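Here's the structure, in structure tokens; my notes come after.
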Amino acid sequence: MKVVVTTLNAKYIHTCLALRYLKSFTEPEFPVTIKEYTIKDPAMSIAMDLYREAPDVVGFSCYIWNIEETIPVLHILKKVKPDVKIVLGGPEVTYDVEHWFRRIPELDFIVYGEGEETFKELLEELAGEGKFRDVPGLAHRGEDGEVIINPPRPKLDLHRIPTPYRFPEDRSHLSRRIVYMETSRGCPFRCQFCLSSIENGVRYFDLDRIKEDILYLIQNGAKTIKFVDRTFNIHRTYAMELFRFLIDHHGGCVFQFEITADILRPEIVRFLNENAPPGIFRFEIGVQSTNPLTNELIQRRQNFDKLARTVSNLRDGGKIVQHLDLIAGLPEEDYASFKKTFNDVFALEPEELQLGFLKLLRGTGLRREAEKHGYVYVDRAPYEVFSSRVLSFDDMIRIKRAEDILEKYWNSHHLDETVRFLTRHEFETPFDFFQSFGDYWEERGWKRIGHQLEDLFLRLRQFLRDRGTPHLPVIEGLMKYDYLTHFKHRPRSVWWEGMEKEERHTLLRRLAAEPATVSADFAALRLSEQELSKHCRVEVLPFDFAHYRKTGSLRREPSCLIVHYNPAEGKGRAFAVPMAQLGVHFPLTAT
């Protein structure tokens, strides 16, 4: 019996841990072939590739991001190979089982809940007597076509699952794709928008085996390991033990975790700030809302003061990259409330802030209470909310515009210094900047036009000029800094009018003659005037840039910005010195 398990990942770099669990649990009794595709691959191409495997059984792992792309594949496959058994599993089909049998006539079986043991027993029955009613956690069609849903299966003893991380065929891909790893299953929280709220209790894999698997992955080239535990730090000693182990054995690999920040102990924060190598840990922290009523309605226990303190301490430590999440559309979170939530969280200035939109997942409490909250939402996956009793579709559209600018101008890290200045000094709140710029972007029709890096700067400058923004020369100076330090090599052209040729030569001669006037680090580069011209970009800014970077306050004294490019060091390295300190005086060229 030829068995294939497959899925459509969101991106090529993703891998599906569920398929590997199925393979590890069913082998060697039933050899399993893993086939992975992406949601961008044509259905016909996927179906043809699966057909070439000559399968007797094909199991699809289904999620909200791939179910609609998966259905056409199995339609084609069943038409060209009518005897193949189609099995669906995964969170998207675990709930509303009868719905999926009605919608997909070609469907033979659904494995609901944890699938390892159920899938293996299904294969045993397919190879044997076909007593499908005896398989807990299985749904199937009876002889007369009625849907039979067997009783659920008790939770699996995780120690019975062989490691899913060591298949030889995966080894060559480890350096190019994300490895997903579980150290536990279950979640102690009851957030009503999340499927994890349905599970009871938390179970753990053997810690020594997890360590051995991590070492194997690192030694075989893994570059990114993402832990998919719902709350990695719920068990403090377990989390600390793994943090210590990863710090000692990371080998340059990056590790991502879902962290509940308000329960992350201060001693763990101190340990990470003191011991973690910069950049190897990424924390994904779900905030979702800071509205107390909203959190109460979704049964989300959260102490935002503690969360903010933890995020701030980790940010100040400079070791951990933090990604914070918000959800627009939660109960009783109207436009004004969401604006406050956004500003509360943006004030923490995380490296990334994801603004998501509520999706009413099958099986969740919020989907069951959709009518109560006046939700209007998409009928098919991903079930995104259009509006609610307190948030209109117009409001949602505007928030999406703000989200677009957030992605382009904050999460991209193209204009960090500029956006910080704008959100701190030029707009009443950070959300006002992203919202007003998003509205302006829409009015200009730019959403329908592609953009290059330069366009991001030019469009921001146009927006700021049209609104009559104060301190515009200062802002344009910060934009120049952000632009120049983005590159690994000296940019051949810039989007502003540069200095006159003689002015530039005057500066270069002075910098070559007296480099220590800038700093000892700059002097250590030992750059001649010719090398400065070749490897540096020099600009005059209308304020003391070094003073601003150090204090956050503006001093209206012109300064010289020098950005040195050394490809071996990555992006350009910036230096700054007041023009008066250089002893050079000439009118600033208008931007």
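Just so it is clear, the structure is predicted and the values come from calculations on it, not from any experiment.
Cation-pi geometry between Lys23 and Phe167 is met: under 6.0 angstrom from the ring centre, within 45 degrees of the axis.
Within the structure, the salt bridge (Lys or Arg N to Asp or Glu O under 4.0 Å) test picks out the following pairs touching residues 278-288 (sequence neighbours left out): Lys226-Glu284, Arg282-Glu352. Every pair passing side-chain hydrogen bond (donor to acceptor under 3.5 Å, both in side chains) that includes a residue from residues 80-94 is listed here, sequence neighbours excluded: Glu92-Tyr383. Screening residues 176-193 for side-chain hydrogen bond (donor to acceptor under 3.5 Å, both in side chains) gives Tyr21-Glu182, Glu114-Arg185, Glu116-Arg185, His173-Arg176, Glu182-Arg185, Thr183-Asp229, Ser184-Asp229, Arg190-Asn200 as the qualifying pairs, with residues at least two apart or on separate chains. Judged as a side-chain hydrogen bond (donor to acceptor under 3.5 Å, both in side chains), not a single pair has a partner in residues 364-373 (not counting sequence neighbours). For the salt bridge (Lys or Arg N to Asp or Glu O under 4.0 Å) condition, the pairs that include at least one residue of residues 42-56, sequence neighbours left out, are Lys2-Glu53, Lys35-Asp49, Lys35-Glu53, Asp49-Arg52. Note on residues 231-246: pairs passing salt bridge (Lys or Arg N to Asp or Glu O under 4.0 Å), not counting sequence neighbours, are Lys211-Glu241.
Of the listed residues (Ile34, Leu22, Asn9), just one forms a side-chain contact (heavy atoms from CB on, under 4.5 Å) with Cys16, and that residue is Asn9. Phe109 pairs in a ring pair (Phe, Tyr, Trp, His ring centres under 6.0 Å) with only one of the listed residues (Trp100, Phe132, Phe60), which is Phe132.
Taking CZ from Phe193 and CG from Leu297, the interatomic distance works out to 13.0 Å, rounded to the nearest 0.5 Å. Interatomic distance, Leu138 CG to Tyr112 OH, rounded to the nearest 0.5 Å: 8.5 Å. Residue Leu366 holds its CG atom at 9.0 Å from CD1 of Ile327, rounded to the nearest 0.5 Å. Rounded to the nearest 0.5 Å, atoms CG (Leu215) and CG (Leu246) are 9.0 Å apart. Taken to the nearest 0.5 Å, the OG1 atom of Thr310 stands 10.5 Å off from the CZ atom of Phe283.
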For this session: Walk me through it: do Arg203 and Asp157 pass the test salt bridge (Lys or Arg N to Asp or Glu O under 4.0 Å)?
Result: CA-CA 8 Å; Arg203 295 164 291 150; Asp157 178 0; over 6 Å; no
Exercise. What's the verdict on side-chain contact (heavy atoms from CB on, under 4.5 Å) for Tyr216 and Glu212, showing C-alpha distance, side-chain angles and the deciding distance?
Worked result: CA-CA 6 Å; Tyr216 168 86; Glu212 292 171 3; over 6 Å; no
Exercise. side-chain contact (heavy atoms from CB on, under 4.5 Å) between Arg102 and Val147: does it pass, once the steps are laid out?
Worked result: CA-CA 9 Å; Arg102 288 194 304 270; Val147 176; 6.0 Å; no
Exercise. Yes or no on ring pair (Phe, Tyr, Trp, His ring centres under 6.0 Å) for Phe30 and Phe119, after CA distance, side-chain angles and deciding distance?
Worked result: CA-CA 11 Å; Phe30 298 98; Phe119 187 67; 8.9 Å; no
For this session: Please lay out, stage by stage, how Glu333 and Thr341 fare under the test side-chain hydrogen bond (donor to acceptor under 3.5 Å, both in side chains).
Result: CA-CA 9 Å; Glu333 183 96 282; Thr341 284; 3.2 Å; yes
For this session: Just do the side-chain hydrogen bond (donor to acceptor under 3.5 Å, both in side chains) check on His99 and Arg362 with the steps written out, would you?
Result: CA-CA 11 Å; His99 162 82; Arg362 294 180 183 275; 3.1 Å; yes
Problem set entry | salt bridge (Lys or Arg N to Asp or Glu O under 4.0 Å) assessment of Glu36 paired with Arg20 | CA-CA 11 Å; Glu36 291 181 279; Arg20 289 159 177 81; 2.7 Å; yes
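Scored by the ring-ring contact (aromatic ring centres under 6.0 Å, His included) test, Tyr165 finds no partners at all (sequence neighbours excluded). Phe101 is linked by a ring-ring contact (aromatic ring centres under 6.0 Å, His included) to nothing, counting only residues two or more places apart in sequence or in another chain. Scanning for side chain to side chain donor-acceptor pair (under 3.5 Å) contacts around Ser196 gives Arg230, with sequence neighbours left out. Under the rule for a ring-ring contact (aromatic ring centres under 6.0 Å, His included), His323 has no partner lying at least two apart in sequence or in another chain. Considering only residues two or more places apart in sequence or on other chains, Phe386 meets the ring-ring contact (aromatic ring centres under 6.0 Å, His included) condition with Phe393.
With a 6.0 Å radius and a threshold of 12 heavy atoms from other residues, nucleotides or ligands, Met1 has its CE atom above the threshold. The number of heavy atoms from other shown groups lying within 6.0 Å of CD (Glu129) does not exceed 12. Surrounding CZ of Phe271 are more than 12 heavy atoms belonging to other residues, nucleotides or ligands, all under 6.0 Å away. For NZ of Lys40, the number of neighbouring non-hydrogen atoms (other residues, nucleotides, ligands) closer than 6.0 Å is 12 at most.
Using a cutoff of 4.0 Å between basic side-chain nitrogens and carboxylate oxygens, Lys359 and Glu384 are scored as salt-bridged. At a threshold of 4.0 Å, the pair Glu442-Lys400 does not count as salt-bridged, since none of the basic side-chain nitrogens sits closer than that to a carboxylate oxygen.
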Pairs under 3.5 angstrom only: tabulate donor-acceptor contacts from the side chains of residues 66-79 to other protein residues two or more places apart or in another chain.
unit_1: Asn66; atom_1: OD1; unit_2: Tyr63; atom_2: N; d: 2.8
unit_1: Asn66; atom_1: ND2; unit_2: Thr7; atom_2: OG1; d: 3.1
unit_1: Asn66; atom_1: ND2; unit_2: Leu8; atom_2: O; d: 3.1
unit_1: Asn66; atom_1: ND2; unit_2: Ser61; atom_2: O; d: 3.2
unit_1: Glu68; atom_1: OE1; unit_2: Arg103; atom_2: NH2; d: 2.6
unit_1: Glu68; atom_1: OE2; unit_2: Arg103; atom_2: NH1; d: 2.9
unit_1: Glu68; atom_1: OE2; unit_2: Arg103; atom_2: NH2; d: 3.4
unit_1: Thr70; atom_1: OG1; unit_2: Asn66; atom_2: O; d: 2.7
unit_1: His75; atom_1: ND1; unit_2: Glu106; atom_2: OE1; d: 2.9
unit_1: His75; atom_1: ND1; unit_2: Glu106; atom_2: OE2; d: 2.8
unit_1: Lys78; atom_1: NZ; unit_2: Val84; atom_2: O; d: 2.6
unit_1: Lys78; atom_1: NZ; unit_2: Asp108; atom_2: OD2; d: 2.7

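Thr294 and Glu332 share no side-chain donor-acceptor pair at under 3.5 Å.
For Asn295 (side chain) and Ser289 (main-chain N/O), a donor-acceptor pair under 3.5 Å exists by modelled atom type. For the pair Trp410 (side chain) and Ile405 (backbone), a donor-acceptor distance under 3.5 Å is absent. Panel note: side chain Asp248, backbone Phe245; no donor-acceptor pair is recorded below 3.5 Å.
Looking at heavy atoms from C-beta onward, Pro136 lies out of side-chain contact with Asn150 at the 4.5 angstrom threshold.
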